[in-house]
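Remarks on the structure that follows.
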Number of protein chains: 2
Amino acid sequence: MESRIDRIKKQLHSQSYKLTPQREATVRVLLENEEDHLSAEDVYLLVKEKAPEIGLATVYRTLELLTELKVVDKINFGDGVSRYDLRTEGADHFHHHLVCIECGAVDEIQEDLLGDVEKVVEEGWNFKIKDHRLTFHGICHRCHSDDGNEDKGSGE
Amino acid sequence: MESRIDRIKKQLHSQSYKLTPQREATVRVLLENEEDHLSAEDVYLLVKEKAPEIGLATVYRTLELLTELKVVDKINFGDGVSRYDLRTEGADHFHHHLVCIECGAVDEIQEDLLGDVEKVVEEGWNFKIKDHRLTFHGICHRCHSDDGNEDKGSGE
DNA sequence: TAGAATAGGATAATGATTCTTTTTTAATAA
DNA sequence: TTATTAAAAAAGAATCATTATCCTATTCTA
């Protein structure tokens with residue numbers, strides 16, 4: 001964890017940005033909530049617990065900076081807020097998401113499932129892919145508690 | 001074209017909605033600009049040309065209604081505005097997009113490239129897929145004017 | 001035609017995000 | 001250490017997209 005902070009610090013320094021206390025607090029919140037997909041407001045509220053004097057605008061600026069540096073990815077599930085997602089270290093691709101339309105949970109798929117598809121697109125459409133966004137909307141494993149029967153959505 | 005309007009009209013009626021003049025004008029704008037990915041504001045300005053008295057709120061309401069009926073898809077490329085995209089008739093899947101990071105153009109891929117990937121996800125993650133969003137960000141064919149050589153992105 | 005319900009127009013309200021101004025902090029040079 | 005300068009932050013105003021509200025218009029039915 002400390003080492004990740006250090007690496008992010010180096011990344012900032014290499015572009016002559018500083019890891020200020022506010023920025024560090026923000027990064028720590030992201031690290032501590034890596035599972036979640038926090039909105040700027042969510043991050044703000046969590047950062048406020050460890051650095052009560054921070055302002056919302058600062059959080060926005062920091063998240064924007066981290067997005068630029070590719071430390072986080074800014075994603076949008078269509079609910080009107082941007083969410084910020086720590087990029088897996090070493091991963092050059094954006095991970096995929098599973099959004100449950102029942103409970104709203106967002107799960108991640110770390111594997112890159114698009115290798116073949118990207119090849120087809122690059123060749124077939126003559127398009128040089130730099131990044132991708134793939135999100136599936138549907139019913140998550142918790143919500144259809146599929147224990148062997150096909151009957152989904154019984155009642156409720 | 002008329003027949004598509006008629007079918008949309010039937011769809012509305014089947015849920016006891018009416019195809020009012022304002023709604024019809026909105027649908028016509030969408031049909032006439034099927035290639036583009038219009039924002040609500042874009043649609044509003046275009047509809048105003050044929051029905052000057054229409055209000056922005058009505059356009060929003062109509063687009064929301066059409067989204068509910070699955071006549072259009074609401075998409076978001078991360079630029080802060082929602083865009084509305086006529087669903088290809090008969091297509092049960094959401095088409096994919098190619099967003100050029102140079103010129104901003106958005107191209108569509110009608111083919112469904114995710115068949116295999118979806119199978120993997122449904123089985124591997126026990127997730128019942130209802131819809132998907134796939135967008136590639138990169139350089140479009142116009143911007144790297146790749147006329148015949150294989151050498152993509154050498155250097156850069 | 002009266003009455004009820006749906007839809008639209010105008011605009012206020014909301015909520016997320018960005019901008020602006022002033023203050024604080026950090027880094028450097030004398 | 002102290003003055004100088006620039007980057008960063010705080011606070012809140014401003015902006016932009018979207019939604020809600022309130023009232024009028026239209027349509028449908030009895």
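Letters A, B, ... are given to chains in the order of the sequence lines, protein chains preceding strands, and every chain is numbered from 1.
Atom P of nucleotide dT17(C) and atom CG of Asp42(A) are separated by 10 Å, given to the nearest angstrom. The CG atom of Leu19(B) sits 17 Å away from the P atom of dT26(D) (whole-angstrom rounding). Across the protein-nucleic acid pair, Gln22(A) atom CD and dA8(D) atom C1' stand 8 Å apart, rounded to whole Å. The separation between Glu41(A) atom CD and dT14(C) atom C1' is 13 Å, rounded to whole Å. Rounded to whole Å, atom P of dG9(C) lies 6 Å from atom CD1 of Ile54(B). In this structure, CG of Leu63(B) is placed 15 Å from P of dA17(D), rounded to the nearest angstrom. Put simply, CD on Glu53(B) is 12 Å from C1' on dA25(D), counting in whole angstrom units. Look at NE2 on His13(B): it is 13 Å from C1' on dA7(C), rounded to the nearest Å.
When atom types are taken as modelled, the side chain of Arg83(A) and the backbone of Phe77(A) share no donor-acceptor pair closer than 3.5 angstrom. A donor-acceptor contact shorter than 3.5 Å links the side chain of Asp42(A) to the backbone of Ser39(A).
Taking for each of Lys74(A) and Thr58(B) the nucleotide of DNA chain C with the nearest heavy atom, the 5'-most of the two is the partner of Thr58(B). Of the two residues near DNA chain D, Ser39(B) and Lys18(B), the one whose nearest nucleotide lies more 5' is Ser39(B). Nearest-nucleotide mapping onto DNA chain C: of Val81(A) and Ala57(A), the residue sitting toward the 5' end is Val81(A).
Between the side chain of Arg23(B) and the base of dG8(C), no donor-acceptor pair of N or O atoms lies under 3.5 Å. For Arg61(B) against dA20(D), no side-chain N or O and base N or O form a donor-acceptor pair under 3.5 Å.
For Leu56(B), the side-chain atoms get nearest to dT18(D) when compared with the rest of dT18(D), dT17(C), dA7(C). Checking dT18(D), dT18(C), dA10(C) against every side-chain atom of Tyr60(A), the shortest atom distance belongs to dT18(C).
Look at Lys119(A) and Glu123(A) and you find no salt bridge, because none of the NZ, NE, NH1 or NH2 atoms lies under 4.0 Å from a carboxylate O.
If you check every strand for non-hydrogen atoms under 4.0 Å, Glu64(B) touches nothing.
In this model, the phosphate group of dT17(C) is approached by a side-chain N or O of Ser82(A) to a distance below 4.0 Å at OP1 or OP2. Contact annotation: Thr20(A) side-chain N/O to dT25(C) OP1/OP2 distance is not under 4.0 Å.
No side-chain N or O of His141(A) forms a donor-acceptor pair with one of Asp107(A) less than 3.5 Å apart.
The aromatic rings of His132(B) and His96(B) lie tilted to each other, with the angle between the two planes from 30° to 60°.
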